[in-house]
Amino acid sequence: MFSGIDEVDWASMEHAYGPADDVPELLRGLASDDPAEREAALDGMYGAVHHQGDVYACTLACIPFLFELIVAPGVQDRGSVVELLTSIGGFDLDEDDEAEIDEDEIEGAANYAMAAAAVTAGAGVFFELIADEDPGVRLAAPLALATLHRHPVRVLALLRERLPVEPDEEVRLALVEAAGRVALRHRPLAGRVAEWLGRLASRAHSPRLRLAALAQLARCSPDGLPDDVVPVVSGLLREMRTAPEECAAPEGDAAREGADPGPGRTPDAESFEAEAFEAEAFEAEAVDAQPVDSEPVDAEPVDAEHVTAAETCRGEHVATPTLVGQLRSLSAQENAGRGAPWAADLLRTLHVGLDDRVGDRTALLADQLRSPDRRQRIDAVRMSGGLIRAWRGPYEELVALVGEQLSDPEPRLAEAASHVLEELFGLAAPAADALAARLAADPGSWVKTWASGPPGLGSTVKALARLGDARAVPALAAALELPQVAHDVGFAVGHLGAVARPLAGALRRRLAEVVLDEGAYDRASPLLAGLTGLRAGEAAPEVLRVLRGAPEYRGEWLRTAALRALGSFGPAAREAVPELRALIRRPGTASATEAAEALWAVSGDAEAVLPVLIEGLQSDQVHDRRAAAVALGALGPRAAVVAPRLRGLLAHEELWLRVDAAIALWEVSGRSRETTDALLTAWEQSRHVRVRVAECLARMGPVPEGSAAAHVLRSELASVRRHNAMDGGYGSHDIHEDEKLLALCRQALRGTGKGTTT
């Protein structure tokens, strides 16, 4: 094995962490008899040679040796090597990708293309591995074939032939998943694959296999799902909970559930042979299997699958201090005691396939949340968060069921539920009592401490505070008495508003105790945020002390926080007027603009602040110009003189500056037509400005029926997808911002705002 490995000039190549002269040792480690050494070598391959999916020259040089490993019967854990090869060769570069490649990326793109070609050229070996004695190899081979082989008709034929005779249930699920992958990559075959999946889902196969077929059907042909998919899936889950879990199907006819009696024949094999899958015709249609699209599923991180695959029937892996070893250990802990650890993956796939069918997905999750299986409920809680994050809908029942999990003695379940509820803000109302009960029962969770960094409020406290529920106040009061105040306590106070007024005294006292050294910003900013949210004007002396004594380090940030607090106090902060007048004497700077804004809020002296804000509108910094525009808008008609300047900014290249200028123009002039046109243009250009635009439209008053603005607002309300939903990421305030947008759209259409429409 490894003939010629020492003749490769590894030292002339590099991987993610430097010279690649250690690659031969890693390759030999993959063939070691020592499980820990194999694990460490696999970690090195993913960590350096195939770092985050990258392909280097040394990665390409490894490919022939990796193929040697997977066909060597004496090598253990060959399934992991198959997965590694699948990841290296499974990158698709379509025409759109090629058009976007710049000069710096040409070499990397060429490496991906060469890796795909090299692994694909040897992909025929996976046909043999699909019947390998090692179940781990058989588990990895179907996805390798579906991803890499250029003859999808042959791949599908093999998958269907193998399914009735495969003894390992987990591998059978992998065969079905691979068929779904083929259908996604080769659309001419999707219809036939969907027909087969539909038959698998409806026949008397094991509930696991039927669920797998439904999941893949949702993935590649969701229109083929039965109308009663939710009760069907719920029934399958109940069957799976009551049926004994086994690694392999029984021998003989029992291994072929639903098979007609016959000499080694099954309905699947017979129907396949009768149809012949119209192989010749499909060969022509598929044009030897070049992928015809680049569905998001093709971009799934295959390199992570060796970590998350269930180990039920593959033997245990030795724990190692490597990244791969740690991830395996975490996966094992997560799946400990779980009868079918892959069931969660199937359900996630099903939910992704159901996409915008919010009613079906909600009903299915509600059923999962009522399951006696705690781990299934943990999965359902997490998936509920994902659903609500991306899609709009009536979630009262679902949220109440998530809230019920807070009282479960399993800490992971209760913690998962509290984290989901934390992101819901007002939508968490059906779980308010459950949150309050958990808060009262577990004072130790009110504040979380970390090895590094400041402490933070527990998710239950934040969830209740974001509801404006006064039952969160005792937890915040306790947090204010700790030696180090939680960094997010001020934001929680702000959400509570008037019900948190009793906390003003503690906030003042703690702010007065802050030492104004280099750590002042970290200690003072949570307290200033809380006082700002309460508009606690009696704290003006303490805030002024911070404003005057802000240190050089982060002093600008600290002064900004102090000025915002003073501005929120309004006339109650009159004693700050001399200080604010002194700060506006440097017009054109950010601090002058902030001081002018605070001075206007405290004194109402437009004559003093207007020149400063006009100067700020001419700053070289876009951020400063935006701040000045917003402050001018607050002056209203008293700043009417700046209307021409604001109008000139409507053509600025910076989108957010155009939006702020348009809103300020309406506020100072009272004219809505040119403002509305600019705002609607920005609305179409970026979803991120929509809340700001809707706020202005709501203040303008009733949007005329039949107008362009009414059409835009009604279209937004009709959309089931959240305006800020992202694929592959999210923000902690996304749901709150989207619900705010919906409320503003309704308000603008009802005409409950203030202003003129002339």
Side-chain angles (χ1 to χ4, degrees), residues 222 351-352 354-363 365-366 384-400 420-421 423-430 466-468 495 655-656 658-660 662-663 666-667 672-727 729-757:
H351 276 284
V352 170
L354 288 170
D355 198 37
D356 62 354
R357 292 166 60 170
V358 174
D360 283 341
R361 296 179 66 181
T362 301
L365 285 169
S384 295
L387 174 65
I388 301 172
R389 220 175 276 132
W391 302 98
R392 300 162 176 167
Y395 293 120
E396 292 82 0
E397 179 189 15
L398 195 63
V399 171
V420 167
L421 293 169
E423 296 179 8
L424 301 188
F425 288 78
L427 293 185
R466 288 171 175 181
L467 280 171
H495 287 297
L655 174 67
W656 278 101
R658 295 200 304 271
V659 170
D660 290 334
I663 294 172
W666 171 73
E667 289 172 325
S672 64
R673 178 165 297 178
E674 58 187 339
T675 290
T676 302
D677 289 344
L679 293 179
L680 294 182
T681 298
W683 178 292
E684 296 300 330
Q685 289 175 337
S686 173
R687 59 185 178 171
H688 301 294
V689 303
R690 291 184 182 178
V691 172
R692 186 100 168 91
V693 170
E695 284 175 334
C696 183
L697 294 175
R699 290 202 308 274
M700 283 181 177
V703 173
E705 192 64 39
S707 66
H711 173 74
V712 163
L713 295 172
R714 293 192 187 282
S715 295
E716 184 63 56
L717 289 172
S719 173
V720 70
R721 179 83 168 174
R722 294 201 184 277
H723 83 283
N724 51 5
M726 296 181 288
D727 293 326
Y730 65 93
S732 61
H733 285 53
D734 285 355
I735 296 171
H736 176 62
E737 286 296 302
D738 185 70
E739 290 294 319
K740 181 179 180 181
L741 174 62
L742 295 176
L744 289 167
C745 289
R746 297 186 190 103
Q747 180 182 332
L749 290 167
R750 286 196 305 264
T752 56
K754 299 178 181 180
T756 177
T757 57

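Not measured: the values here are computed from a predicted model.
- When all heavy atoms are compared, the tightest approach of Trp656 to Arg692 is CZ3-CB, 4.2 Å.
- Closest of all the heavy-atom pairs between Leu398 and Ala366 is CD1-N, 3.8 Å.
- Partners of His711 by side-chain contact (heavy atoms from CB on, under 4.5 Å), not counting sequence neighbours, listed by chain and number: Ser715.
- For the pair Leu679/Cys696, a side-chain contact is recorded, criterion being any heavy-atom separation below 4.5 Å from C-beta on.
- Evaluation of the side-chain contact (heavy atoms from CB on, under 4.5 Å) rule for Ala710 yields Val703, Ser707, Leu749 as partners, not counting sequence neighbours.
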(request) Quick one: do Leu697 and Leu744 satisfy side chain to side chain contact (heavy atoms under 4.5 Å, CB included)? Show the steps, please. (result) CA-CA 8 Å; Leu697 294 175; Leu744 289 167; over 6 Å; no

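- Among residues two or more places apart in sequence or in another chain, the side-chain contact (heavy atoms from CB on, under 4.5 Å) test is passed with Ala429 by Leu467.
- Remark: Arg361 pairs with no residue by the salt bridge (charged side-chain N to carboxylate O under 4.0 Å, His left out) rule, at least two apart or across chains.
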(request) Could you walk me through whether Ile663 and Thr675 pass side chain to side chain contact (heavy atoms under 4.5 Å, CB included), step by step? (result) CA-CA 7 Å; Ile663 294 172; Thr675 290; 5.5 Å; no

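- Ala428 approaches Val399 most closely through the heavy-atom pair CA-CG1, 3.9 Å.
- Counting only residues at least two apart or on different chains, the salt bridge (Lys or Arg N to Asp or Glu O under 4.0 Å) pairs with a member in residues 729-742 are Arg392-Asp738, Glu695-Lys740, Arg722-Asp738, Arg722-Glu739.
- Ala682 is linked by a side-chain contact (heavy atoms from CB on, under 4.5 Å) to Leu655, Val659, Val689, counting only residues two or more places apart in sequence or in another chain.
- Residues that satisfy the side-chain hydrogen bond (donor to acceptor under 3.5 Å, both in side chains) test with Arg714, not counting sequence neighbours, are Glu705.
- Looking at heavy atoms from C-beta onward, Arg658 lies out of side-chain contact with Thr681 at the 4.5 angstrom threshold.
- In terms of the side-chain hydrogen bond (donor to acceptor under 3.5 Å, both in side chains) criterion, Arg466 has no residue partners (sequence neighbours excluded).
- Shown here are the ring-ring contact (aromatic ring centres under 6.0 Å, His included) partners of His495, two or more places apart in sequence or in another chain: Phe425.
- Listed by chain and number, the residues in a salt bridge (charged side-chain N to carboxylate O under 4.0 Å, His left out) with Arg687 amount to none (sequence neighbours excluded).
- A heavy-atom distance below 4.5 Å is not found between the side chains of Tyr395 and Leu365.
- Residues Glu423 and Ile388 are not in side-chain contact: their nearest non-hydrogen atoms beyond the backbone lie 4.5 Å or more apart.
- In terms of heavy-atom proximity, Cys745 sits nearest to Leu713 at SG-CD2, 3.6 Å.
- Residues forming a side-chain hydrogen bond (donor to acceptor under 3.5 Å, both in side chains) with Glu396 (at least two apart in sequence, or on another chain): none.
- Residues Thr362 and Glu397 have side chains not in contact (no heavy-atom distance under 4.5 Å, counting atoms from C-beta outward).
- Counting only heavy atoms from C-beta outward, the side chains of Thr676 and Trp666 never approach each other to under 4.5 Å.
- In this view, Glu684 satisfies the side-chain hydrogen bond (donor to acceptor under 3.5 Å, both in side chains) rule with no residue, not counting sequence neighbours.
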